[in-house]
Amino acid sequence: MAADQLISNAKIVNEGTITEGDVLVLDGRIEGINVSVPAGVPTYDAAGAWLLPGMIDDQVHFREPGFEHKGTIATESRAAIAGGITSYMEMPNCNPLTVTHNALADKHSRAADHSETNYAFYFGATNDNLEAIKTVDSSLACGIKVFMGASTGNMLVDNVQTLEGIFSGSPLVIATHCEDTPTIIVNEQAALQKYGEDIPFSEHSNIRSEAACYKSSSLAVALAKQYGTRLHVLHLTTERELELFAAGAMDNKQITAEVCVHHLFFNDSFYESKGADIKCNPAIKTAGDQIALQRAVMDDRIDIIATDHAPHTIEEKARSYRGAPSGLPLVQHALVTLLELTREGLLTIEKVVEKTAHAPARLFDVKERGYIREGYHADLVVIDPASTTDPAEIHSKCGWSPFSGIDLNHRVRATWVNGHLRYRDGRFLDGPLGQALEFDR
Ligand code: DOR
């Protein structure tokens, strides 16, 4: 049974409002905000810090099975707890790829044995697994992942008939990685002509260009409109793509969009100092794109903020441009980074909570999570705005962070997963493993 707890003296950010007071947790569930407290319930004094529903990260790569030297379900889910992420949805580009029913079941059994936080998995599309997509067990998969552009792992789906079959036949929301691979190949050849093998990292956003993103995102949106598909376009990076998405409340949208923390926080001026450490797909683009993405979060053209946590080792990242893999470890610093943007007035904390907790819960029909509501699972995080995060304290297995050397002026103080206090003041506390997310659909 979960330890009961009164989280007192908090600034509770939930459902668009900030309320000062206490949250009572009984038997792993939220009993209420500012309700009467039974005798003997121990108190955690939040001392005026923020209390948020834990982040539900709808895009992570935890590398298991197949790439355990980069990260495992155990190591990365632990790093997630230290960042206030209490549930994650994990991607299929492992080895073996999560593109068969057996591979999906295998991931569930690994997570049941090792995941510190709550978990769900995407089922991956290939050019030839349409029957498996149509018959996937919808209680075991949060969605169908389609790489409409090649990235880490060999999962490109580029056959138009296959895409039409997937968009017309998927039983679940389709989440797409959109970058047009032929455009990228032409751009890379041009960069090779110009620089030889010594391509500077700053060329990444010219190679994985705005045009490549737009071409692929607009194809995904066109297919979704043609077939009435429930489409979620992952990690937008350009102002131009935003014209493909509608502003406003998410619930009636057939087509939704996600942005990632690093595309909100960095722009191409960071390539000079960070190089491979911010090489990711789609690429980090211009300051103008970054500002447009921040505004699109605020006006609800973008529905969800995620991490695309994608660890690679220090040695892999030390290679030159073409050899260094794309992807950044982010789960540990995502929330404090977003709160850094609230300090600068670019986002509000209420919007951060909406896009990191409420919206992913609703989009994927996650049962009883994502809000501080009576009866919901007590997945909670206390974040202190009067303390700082040292990005050198790293829990991801890869041991590095793109935020090193950057001031992060908030600190995760405590994280509860299913009512268990699992992280407090820099220390992990023992407790039960996470649970498989359940879906109300
Ligand atoms: O930068 C990225 N890294 N983008 C992706 O789409 C995949 C990811 C990875 O798995 O490394």
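Sequential numbering from 1 along the given sequence is applied to the chain's residues. The analysis underlying the following values was restricted to heavy atoms, covering all of them including side chains, and did not include hydrogens, waters or symmetry mates.
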**OP:** Might you point out which heavy atoms bring I85 and V331 nearest each other, and give the distance in Å?
**Re:** CD1-O, 3.4 Å

**OP:** For residues L236 and L293, determine if any side-chain heavy atom of one lies less than 4.5 Å from a side-chain heavy atom of the other.
**Re:** yes

Original post:
What are the two closest non-hydrogen atoms of M89 and P360, and how far apart are they?
Top reply: CE-O, 4.5 Å

Original post:
For the residue pair H61 and N93, what are the closest heavy atoms and their distance?
Top reply: ND1-OD1, 2.8 Å

**OP:** In sequence, state the C-alpha distance, the side-chain angles, and the governing distance for N267 and S269, and then conclude on side-chain hydrogen bond (donor to acceptor under 3.5 Å, both in side chains).
**Re:** CA-CA 6 Å; N267 59 52; S269 71; 2.6 Å; yes

**OP:** For the residue pair N281 and H177, confirm or rule out a side-chain donor-acceptor distance under 3.5 Å.
**Re:** no

Subject >> Charged N-O contact under 4.0 Å between E90 and K107 >> reply: yes

Original post:
According to the interplanar angle, ranging from 0 to 90°, do the rings of F403 and H333 count as parallel (below 30°), tilted (30 to 60°) or perpendicular (above 60°)?
Top reply: perpendicular

Cut-off 3.5 Å, no hydrogens considered: what does the side-chain donor-acceptor table look like for residues 37-51, sequence neighbours left out?
unit_1, atom_1, unit_2, atom_2, d
D45, OD1, N9, ND2, 3.3
D45, OD1, A47, N, 2.8

Original post:
Looking just at side-chain N and O atoms, do E340 and T337 make a donor-acceptor pair shorter than 3.5 Å?
Top reply: no

Subject >> Expected output: side-chain Q254 to main-chain T229 donor-acceptor under 3.5 Å >> reply: yes

**OP:** Apply side-chain hydrogen bond (donor to acceptor under 3.5 Å, both in side chains) to the pair S401 and S404, showing each step before the final yes or no.
**Re:** CA-CA 6 Å; S401 163; S404 66; over 6 Å; no

**OP:** Applying ring pair (Phe, Tyr, Trp, His ring centres under 6.0 Å), run through F67 and H312 and close with a yes or a no.
**Re:** CA-CA 9 Å; F67 303 102; H312 298 283; 8.8 Å; no

Subject >> salt_bridge(R411, D390) N-O dist < 4.0 Å >> reply: no

**OP:** For C213 and P282, work out which heavy atoms get closest and say how close.
**Re:** SG-CB, 4.1 Å

Subject >> Within-4.5 Å side-chain heavy-atom neighbours: H309 and S396 >> reply: yes

Original post:
Which word best sums up how the rings of Y119 and F121 line up, parallel for under 30°, tilted for 30 to 60°, or perpendicular for over 60°?
Top reply: tilted

Subject >> Stepwise salt bridge (Lys or Arg N to Asp or Glu O under 4.0 Å) test for D277 and K317 >> reply: CA-CA 7 Å; D277 286 2; K317 281 292 202 180; 5.9 Å; no

**OP:** Check whether any side-chain heavy atom of I144 sits under 4.5 Å from a side-chain heavy atom of V173, and report yes or no.
**Re:** no

Subject >> Check against side-chain hydrogen bond (donor to acceptor under 3.5 Å, both in side chains), Y88 and T307 >> reply: CA-CA 10 Å; Y88 62 85; T307 67; over 6 Å; no

**OP:** Using the ring of Y214 (Phe, Tyr or Trp, six-membered ring only), decide whether R240 places NZ or CZ under 6.0 Å from its centre and within 45 degrees of its axis.
**Re:** yes

Original post:
Does the distance from a Lys or Arg side-chain N to an Asp or Glu carboxylate O, for E64 and R110, drop under 4.0 Å?
Top reply: yes

Subject >> Qualifying residues under ring pair (Phe, Tyr, Trp, His ring centres under 6.0 Å), relative to F201, sequence neighbours excluded >> reply: Y321

Original post:
Side chain of E316, backbone of T313: donor and acceptor closer than 3.5 Å?
Top reply: yes

Subject >> Pair D384-H410, side-chain donor/acceptor within less than 3.5 Å >> reply: no

Original post:
Is it the case that S217 and E241 place a side-chain donor and acceptor less than 3.5 Å from each other?
Top reply: yes

Original post:
Is there a side-chain contact between T342 and L339 (heavy atoms, below 4.5 Å)?
Top reply: yes

Original post:
Does a side chain donor of either H101 or D137 reach within less than 3.5 Å of an acceptor in the other side chain?
Top reply: no

Original post:
Is any side-chain N of the basic residue among D27 and R29 closer than 4.0 Å to the acidic one's carboxylate O?
Top reply: no

Subject >> Salt bridge flag under 4.0 Å for residues K285 and D268 >> reply: no

Original post:
Between K355 and E258, is there a salt bridge with N-O shorter than 4.0 Å?
Top reply: no

Original post:
Within 45° of the axis and under 6.0 Å from the centre of the six-membered ring of Y271, does NZ or CZ of K274 qualify?
Top reply: no

Subject >> NZ/NE/NH1/NH2 to OD/OE distance under 4.0 Å, K367 and D440 >> reply: no

**OP:** Please name the pair of heavy atoms, one in R230 and one in T256, separated by the smallest distance, quoted to 0.1 Å.
**Re:** NH2-OG1, 3.0 Å

Subject >> P432 vs H420 side-chain heavy atoms within contact, under 4.5 Å >> reply: yes

Original post:
Between D303 and K253, is there a side-chain N and carboxylate O pair less than 4.0 Å apart?
Top reply: yes

**OP:** Only one of R422, R373, R369 passes salt bridge (Lys or Arg N to Asp or Glu O under 4.0 Å) with D379; say which it is.
**Re:** R369

Subject >> Side-chain (K279) to main-chain (A324) donor-acceptor, under 3.5 angstrom >> reply: yes

**OP:** Supply the atom-to-atom distance H232 NE2 to T176 OG1, rounded to the nearest 0.5 angstrom.
**Re:** 8.5 Å

